[in-house]
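A short worksheet on the structure shown next.
Naming convention: chains lettered A, B, ... in sequence-line order (proteins, then strands); numbering from 1 in each chain. Keep in mind that this is a model prediction, so the values were computed, not measured.
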Number of protein chains: 2
Amino acid sequence: MEPDEDPTRPETTWNDAWRGVLFAGAKVLRVAERDLVEREGFPMTWLDVLAQLYDAPGNGLRMQELEERSLFTRSGLTRLVDRIEAAGLVQRQPVPGDRRGVRVVLTPEGRRRHDKAFVEHLRVIEREFGGRLTPAEQRAVAGALAGFWHGDQESATTTT
Amino acid sequence: MEPDEDPTRPETTWNDAWRGVLFAGAKVLRVAERDLVEREGFPMTWLDVLAQLYDAPGNGLRMQELEERSLFTRSGLTRLVDRIEAAGLVQRQPVPGDRRGVRVVLTPEGRRRHDKAFVEHLRVIEREFGGRLTPAEQRAVAGALAGFWHGDQESATTTT
DNA sequence: AGTAACTTATTGACAATGCAGTAGGTGCCT
DNA sequence: AGGCACCTACTGCATTGTCAATAAGTTACT
């Protein structure tokens with residue numbers, strides 16, 4: 001019997017699962033990020049926004065709605081949208097009936113870039129993640145971790 | 001039978017597993033980050049470094065080794081270590097036999113802060129992650145995702 | 001020994017993000 | 001209508017991180 005000798009590094013049953021989640025996410029994301037930048041010339045934060053808009057009714061959302069669906073703060077989003085707008089992929093429009101609001105919509109160009117980028121993105125995730133798991137493993141992981149996006153307030157189609 | 005109507009949003013078997021990994025990681029990390037900053041006054045990047053040093057022989061590593069064990073670039077690490085050193089938790093020392101090198105070691109204070117912070121950190125991860133899974137689920141996730149940190153060059157005790 | 005090629009860590013310039021504060025707009029309540 | 005509280009989005013400032021260039025040290029080859 002070997003007792004834990006180091007109280008700051010105790011053996012836990014969940015440790016390997018946590019490490020797996022962390023490493024799998026970080027490694028796959030890093031590859032996907034680099035691939036996206038090389039292929040499309042924009043980072044994943046852009047694809048997040050584009051995909052959110054794509055999934056939204058009318059391909060548009062208010063800043064506030066975009067904030068809820070992303071991990072950004074409002075001010076971060078303002079600047080992110082600034083850049084994407086400067087690149088011509090989205091456009092700010094007034095919200096009818098609320099002159100405070102701004103509605104961000106996909107431009108046709110943005111829509112095209114999104115489609116191309118997203119399909120490529122999926123291919124990368126499949127290669128780097130999905131393809132490394134058996135169907136049974138995929139189901140097991142999905143089932144075990146479903147609670148992290150079902151129950152709580154966080155929903156939204158997270159692209160990344 | 002309903003064919004995929006949207007080629008940019010195809011059904012895949014791994015989709016839910018990927019979303020699970022992403023959400024679980026992001027949500028737990030966000031909680032852990034906030035908790036750490038509130039309790040200890042430093043962010044998780046610091047704990048990463050402190051934990052790597054703690055796990056290293058002699059509680060010290062060269063910058064290069066630290067880089068291999070983290071997700072930072074070299075220059076990012078230089079600045080991160082600058083800050084941690086300014087706070088007195090680590091210290092730069094010369095490497096005997098290679099005057100280019102720098103060895104970063106935990107100070108006694110850094111060691112204390114690490115111990116306290118890490119134990120708290122584990123508690124949070126357990127509450128937010130481990131505790132939400134059954135033992136069978138923990139094993140399933142660990143087994144399915146083990147390949148992401150076993151095979152490849154990335155090893156190291158990732159704290160985060 | 002002399003030198004060319006590589007390593008190690010740092011620095012400068014810059015991009016991206018968060019926090020706190022601000023300006024303008026809306027709506028309720030009297 | 002007037003005023004007050006709230007909401008929406010943006011801006012200044014500080015922080016954090018990357019990339020490219022650099023200084024210092026080491027190694028190998030002749």
Exercise. Could you tell me the separation between the CD atom of A:E68 and the C1' atom of D:dA9, rounded to a whole number of Å?
Key: 14 Å

Quiz prompt | Heavy-atom neighbours of A:R34 CZ exceed 12 at 6.0 Å | solution = no

Exercise. Could you pull out the closest heavy-atom pair between A:R9 and B:Y54, with the gap in Å?
Key: NH2-CD2, 3.3 Å

Practice problem: Just compare C:dT11, C:dT17, D:dT11 and give me whichever is closest to any side-chain atom of A:R83. | Solution: C:dT17

Quiz prompt | Side-chain ion pair, A:E126 and A:R123, N-O less than 4.0 Å | solution = no

Quiz item: What are the two closest heavy atoms between B:N15 and B:P10, and how far apart are they?
Solution: ND2-O, 4.4 Å

Quiz item: Taking for each residue the nucleotide of DNA chain C bearing the nearest heavy atom, is the 5' side occupied by A:R100 or by A:F72?
Solution: A:F72

Quiz prompt | Rounded interatomic separation in angstrom, taking CD from A:E67 and P from C:dC19 | solution = 11 Å

Quiz item: In whole angstrom, what separates B:R34's CZ from C:dG18's C1'?
Solution: 14 Å

Quiz item: B:L80 has an atom CG; how far is it from atom P of C:dA9, in whole Å?
Solution: 15 Å

Quiz item: Which whole-number value in Å describes the distance from B:M63 CE to C:dT8 P?
Solution: 12 Å

Exercise. Could you tell me whether the phosphate oxygens of C:dT26, OP1 or OP2, come under 4.0 Å of any side-chain nitrogen or oxygen in A:R99?
Key: yes

Practice problem: Assign each of A:R79 and A:D98 to its nearest nucleotide of DNA chain D by heavy atoms, then name whichever residue's nucleotide is nearer the 5' end. | Solution: A:D98

Quiz item: For DNA chain C, whose closest nucleotide is more 5', that of A:G97 or that of A:P43?
Solution: A:P43

Quiz item: Shortest non-hydrogen contact from B:R103 to B:V95?
Solution: N-CG2, 3.6 Å

Quiz item: Reckon A:R103 touches a base, only the sugar-phosphate, or nothing at all at heavy-atom distances under 4.0 Å?
Solution: nothing

Practice problem: Starting at atom CZ of A:R74, determine the distance to atom P of C:dG21, rounded to an integer number of angstrom. | Solution: 17 Å

Quiz item: Base, sugar-phosphate, or nothing for B:G76, non-hydrogen atoms under 4.0 angstrom?
Solution: base

Quiz item: CD of A:E33 versus P of D:dG17: gap in Å, rounded?
Solution: 16 Å

Exercise. Grab the CG-C1' distance between B:L77 and C:dA9 for me, whole Å please.
Key: 11 Å

Quiz prompt | Minimum-distance nucleotide (side-chain atoms of B:V102 versus C:dT10, D:dG17, D:dT8) | solution = C:dT10

Quiz item: Between the base of D:dC10 and the side chain of A:S75, is there a donor-acceptor distance below 3.5 Å?
Solution: no

